[in-house]
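Structure first, commentary second.
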Amino acid sequence: RRFSCTMPQSWKRVSTIATAVLCCTANHARASRLDGVAQGRGVGAVPQLRSVDVKNVSRGSIPESDSDPSCAATTAALQAVIDATAAAGGGEARVPCGFHAVAPLVLHGAVALRASQCILTFDSAVDNTGLDGQAAPQLTLGACTADQMHIVHIGGDNVTVEGIQFDCSNLTNDANRDMAAIHTTNPAQNVVIDGNRFTRINMSSQGFHALIMSDCTGCVVRGNVVEQSGGDALNFNSGEYLITGNVVENVGDGCIAMNNNAMGTVSQNTLRRCNLGVGAGPAGSNATASASTPFIITGNLIEDSDYGVLLGWFAYAGRLGPINTIVSSNVIRRCRSAAIQNNGAPGAIDGAWIIADNQITHMGFPASQPPGTTGDGPGHGILADQIRDVSIRGNMVMHGSGDAVSISRGLHFLVADNILSAETQAATGIAVVASSDVTLSGNSLRGFATGIDVKGGGLSPSDRVKVRGNSVEVEGSHVGIHLATEVTRFVASDNTVSGSAGAAQCVAADSTPSSVRVLRDNICW
């Protein structure tokens, strides 16, 4: 049987004084017990709460009570509702609508804090306007003092935070580079962060974030909006996550950052003007099973960033980049440096990577300067360095200023059925440097200075390279397929090349006495 708790009579004056109430649904004994807790028989009397209409919040400042600059009464009252809900076995914590500046609140024990469940304390049809005159959630939380690091701390399993607006303008001290509206460090399960809005995050350094989650299993972050962030907007360290349907813009580091073995699915997000759209790494080491960090990045829209997707070991000694990953079906537009890039650790086993069916356009031509960058970038499409076991298939890379696909120091690569075109005549369609066991097959290339270029690097040759069945159209009488002297075993067959300077530049193989090369059935038009 289910019962609803009613507010004590003394709590019903909500027109000018905001109050807190717990709505519980359980057995009658539990309802009676919680009513006693809420009235002060157990955890102390709940103090009156201060509520400020959102429209009266001045930009860049959090209002504080002259009589309570530490926000102790407000924080204690809200925390009492949360604690009573957790003590009852979980449920929805109902708090007054409006704006509340608080010291960090701790959510634990199957508590759901939802704006849709808050108690109206003013006429929402008239007064509930946003920080910029737009419609806002009914409940807004901000930091009380500038030296606190978080607004809400998640400290348990089965917690939900939904539909709340977080005003982060009073989070200004980045001494620990760990400032965030929502933060969790303890292991947790089944946490849901859904439909929240994060505003006014400090942009002065990479120490400011919307969300930091660590070691969270089966956790969901969906439908949130982050307007700006100096550091990673949505930051994940270890754990397993579903990150979907978020809109993140104007970020000085990663719009979404998957660090330290974080894994899961990143899908259907809109990411604009980030230093990194999605960044991931480092992961484990060669000696640990945790070297495998499976995750999928799929169906996202990423625009006007420095990098669309950047994976790697990021020069952490003894660490690897992500392994067992898929980047598929994303639309990546106007990134400055590269659309998709993966940098492996020297001598490591980074890789097991699939890049499929992405649409990549206008690299090197951002509509606005990405945060943390200056000047133009190289505008590459897909880059892979020092990784192995990679499939690059079915992608469209169009109208960029740099190389469409670049492989360096790689092992076991398949590059097939991609459509690649250039915006300038100074780039290469597919570049292979100092790599082994590489197959380039069925690709269509147009407008590059060199269609396919295979060479060694330093003391390392390229070896066991097969170039078969590609269609290459070069501009300005350049080279269709080029094979450098430091390439050993090589096959080029059944390719068609048009626009080269002549037969010698159609499939151009630099002479070398020590290599085994097969060039057959290539057609030059």
Side-chain angles (χ1 to χ4, degrees), residues 4-24 30-54 56-57 62-122 124 128 137-145 148 150-156 159-167 170 181-182:
S4 62
C5 294
T6 59
M7 291 186 294
Q9 186 66 34
S10 61
W11 287 23
K12 294 187 177 179
R13 292 176 297 165
V14 296
S15 60
T16 58
I17 300 177
T19 55
V21 63
L22 166 67
C23 180
C24 59
R30 176 180 295 176
S32 298
R33 182 172 67 254
L34 290 180
D35 185 61
V37 170
Q39 294 185 65
R41 299 192 299 272
V43 296
V46 177
Q48 295 177 341
L49 294 183
R50 172 172 55 86
S51 180
V52 179
D53 292 356
V54 177
N56 294 325
V57 179
I62 298 292
E64 296 181 4
S65 168
D66 294 337
S67 60
D68 184 20
S70 66
C71 309
T74 301
T75 304
L78 293 174
Q79 191 66 57
V81 173
I82 293 166
D83 293 345
T85 308
E92 292 181 335
R94 299 190 67 190
V95 301
C97 301
F99 183 93
H100 306 295
V102 296
L105 297 172
V106 179
L107 303 184
H108 48 195
V111 173
L113 186 61
R114 290 189 173 99
S116 62
Q117 298 299 321
C118 67
I119 304 167
L120 290 173
T121 59
F122 51 85
S124 61
N128 192 25
Q138 293 176 325
L139 177 61
T140 300
L141 297 178
C144 178
T145 61
Q148 72 187 68
H150 315 123
I151 299 173
V152 168
H153 179 81
I154 296 174
V159 169
T160 296
V161 180
E162 181 179 331
I164 297 172
Q165 180 162 279
F166 290 90
D167 184 332
N170 213 29
I182 300 177

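Throughout, numbering of the chain's residues begins at 1 and tracks the sequence. Keep in mind that the numbers below use all heavy atoms, side chains included, and drop hydrogens, waters and symmetry copies.
Using a 4.5 Å cut-off on side-chain heavy atoms (C-beta onward), Q148 and N170 make no contact. Residues I151 and L105 fail the side-chain proximity criterion, which asks for heavy atoms closer than 4.5 Å. A 4.5 Å side-chain heavy-atom check between I82 and V106 finds every atom pair outside the cut-off.
Looking at every heavy atom in both residues, T74 comes nearest to A101 through CG2-O, 4.0 Å. For the pair A93 and L113, the tightest heavy-atom approach, listed with the atom from each and the gap, is O-CD1, 3.8 Å. Contact record, Q79 with P104: OE1-O, 4.4 Å, taken as the closest heavy-atom pair. Taking all atoms of both residues into account, the shortest heavy-atom contact from G163 to A115 is O-CB, 2.8 Å. The nearest pair of heavy atoms linking C144 to A103 is CB-N, 3.8 Å. In terms of heavy-atom proximity, G89 sits nearest to A110 at O-CB, 4.1 Å.
One distance of note links CG of L78 with CG of L139; it measures 8.0 Å at 0.5 Å rounding. The distance from the OG1 atom of T140 to the NE2 atom of H100 is 8.5 Å, given to the nearest 0.5 Å. To the nearest 0.5 Å, atoms CD1 (I164) and CZ (R114) are separated by 10.0 Å.
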